There are 2 protein chains.
Amino acid sequence: MTRRSGNQALIDRLERADIRPSAQRVAIAGYVLSTADHPSADDVWQRVKVDFPMVSRATVYNTLQLFTEHGLLRQLVLAEGKVVFDPMVEPHHHFVDDETGAIEDIPWSALRVGKVDELEGVDVREYMVVVRGRRRRP
Amino acid sequence: MTRRSGNQALIDRLERADIRPSAQRVAIAGYVLSTADHPSADDVWQRVKVDFPMVSRATVYNTLQLFTEHGLLRQLVLAEGKVVFDPMVEPHHHFVDDETGAIEDIPWSALRVGKVDELEGVDVREYMVVVRGRRRRP
DNA sequence: GCCGATATTTAGACATAGTCTAACTGCGCC
DNA sequence: GGCGCAGTTAGACTATGTCTAAATATCGGC
């Protein structure tokens with residue numbers, strides 16, 4: 001049914017990425033490949049454990065690493081003391097809320113960055129703007 | 001002599017920042033307020049311990065926090081799993097070397113960021129471009 | 001269906017980074 | 001010199017990330 005066909009899409013996605021779709025990996029993918037929360041590894045673990053109590057912390061760490069290596073996730077350094085994961089692998093910027101710690105995506109075209117190509121002595125792999133401040137509340 | 005007058009400048013700087021210039025704080029300031037290394041707290045501790053073996057880890061953490069709160073340092077999230085410290089408190093960008101982990105300052109004017117003020121629903125406190133890649137070797 | 005090989009997961013030890021606090025030390029004031 | 005307060009120390013504790021032996025799961029051949 002819908003749940004199974006939902007998993008089938010994930011299974012297909014993992015197989016296309018050359019990843020064997022074990023039940024644990026599908027469960028992890030089900031959350032982390034569709035969230036805009038930019039969770040840490042332990043956030044992902046806490047979340048997946050709800051529906052998959054036996055999943056181990058090492059499996060979650062290993063799986064997130066695997067997804068990153070296979071291009072399904074990006075690993076970002078935006079929060080103090082931890083890395084966070086982002087399923088949006090295309091270039092974009094980020095806003096980090098000083099108050100809540102929440103991380104939000106900013107579309108690539110919303111900001112313009114000039115002269116990166118003029119930086120000397122470096123081969124640029126990626127760049128992004130990190131904006132910090134506070135979300136306005138109504 | 002030169003060493004003492006060097007310390008006197010630091011002592012003056014700390015006093016101007018409303019910070020009592022204990023020997024430990026002067027030693028920490030001597031390194032962290034003049035380095036371009038963007039060290040972590042433990043990096044600072046290892047470094048200061050060379051000349052000040054008794055300095056404790058808690059003192060270093062507390063002092064870095066104090067310097068940050070008093071505007072002498074900036075605390076940045078650029079390295080995985082740790083915060084780093086930067087004495088250059090004026091706005092600038094950063095380059096992070098994928099290979100070595102080294103962090104380098106990029107002058108504010110070297111890159112241009114457009115349309116930050118057009119971001120909706122947020123009060124921006126600061127922003128910067130983070131460039132990742134590799135330093136070219138000759 | 002069984003077996004062997006390989007992949008994956010588990011459980012938990014271990015390392016590093018960051019925080020917290022009781023006890024101790026240093027400093028300035030009276 | 002004593003007192004009150006600031007600062008430091010030593011180390012316990014928590015959070016994050018890594019590693020690995022042992023166990024489990026999967027797959028292909030027979």
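A note on names: the letters A, B, ... follow the listed sequences, proteins ahead of strands, and every chain is numbered from 1. All values reported here derive from a predicted model rather than from experimental measurement.
Between C:dT10, C:dT21, C:dG18, one nucleotide has an atom nearer to the side chain of B:Lys82 than all others, and that is C:dG18. For B:Asp42, the listed nucleotide lying nearest its side chain is C:dA17; candidates were C:dG18, D:dA10, C:dA17. Counting only heavy atoms from C-beta on, B:Ala41 has its side chain closest to C:dG18 among C:dG18, D:dT9, C:dA17.
Applying the 4.0 Å criterion to OP1 and OP2 of D:dT18, one finds that A:Tyr61 has every side-chain N and O outside that range. Put simply, B:Ser56 has no side-chain N or O that comes within less than 4.0 Å of OP1 or OP2 on D:dA10.
Listed by residue number, A:Arg20, A:Ser22, A:Gln24, A:Arg25 are the residues of residues 15-26 of chain A with a heavy-atom contact under 4.0 Å to DNA chain C.
When the C1' atom of C:dT8 is taken as reference, atom CG of A:Leu14 falls 14 Å away, rounded to whole Å. Rounded to whole Å, atom P of D:dG7 lies 15 Å from atom CD of B:Gln65. Atom CG of A:Leu64 and atom P of C:dT8 are 15 Å apart (whole Å). Atom P of nucleotide C:dA17 and atom CG of B:Asn62 are separated by 17 Å, given to the nearest angstrom. Note: CG (A:Leu66) to P (C:dA7) measures 13 Å, nearest angstrom.
A distance-only check finds a donor-acceptor pair linking the side chain of A:Arg25 to the backbone of A:Arg20 [under 3.5 Å].
A continuous path of Ile, Leu, Val, Met, Phe, Trp and Tyr side chains, each step under 4.5 Å between heavy atoms, connects B:Val55 with B:Leu33, placing both in one hydrophobic cluster. At a threshold of 4.5 Å between side-chain heavy atoms, the hydrophobic network of Ile, Leu, Val, Met, Phe, Trp and Tyr places A:Tyr61 and A:Phe67 in two separate groups.
Atom CZ of A:Arg112 sits in a sparse spot, with 12 or fewer heavy atoms from other residues, nucleotides or ligands closer than 6.0 Å. The environment of B:Arg134 atom CZ is sparse: at most 12 non-hydrogen atoms of other residues, nucleotides or ligands sit within 6.0 angstrom.
Exactly one residue among A:Arg135, A:Arg132, A:Arg137 makes a salt bridge (charged side-chain N to carboxylate O under 4.0 Å, His left out) with A:Asp97. That residue is A:Arg137.
Looking at B:Arg57, its side chain comes within 3.5 Å of the base of C:dG18 through a donor and an acceptor atom.
For the ring-ring contact (aromatic ring centres under 6.0 Å, His included) test, residues two or more places apart in sequence or in another chain that qualify with A:Tyr127 are A:Trp108.
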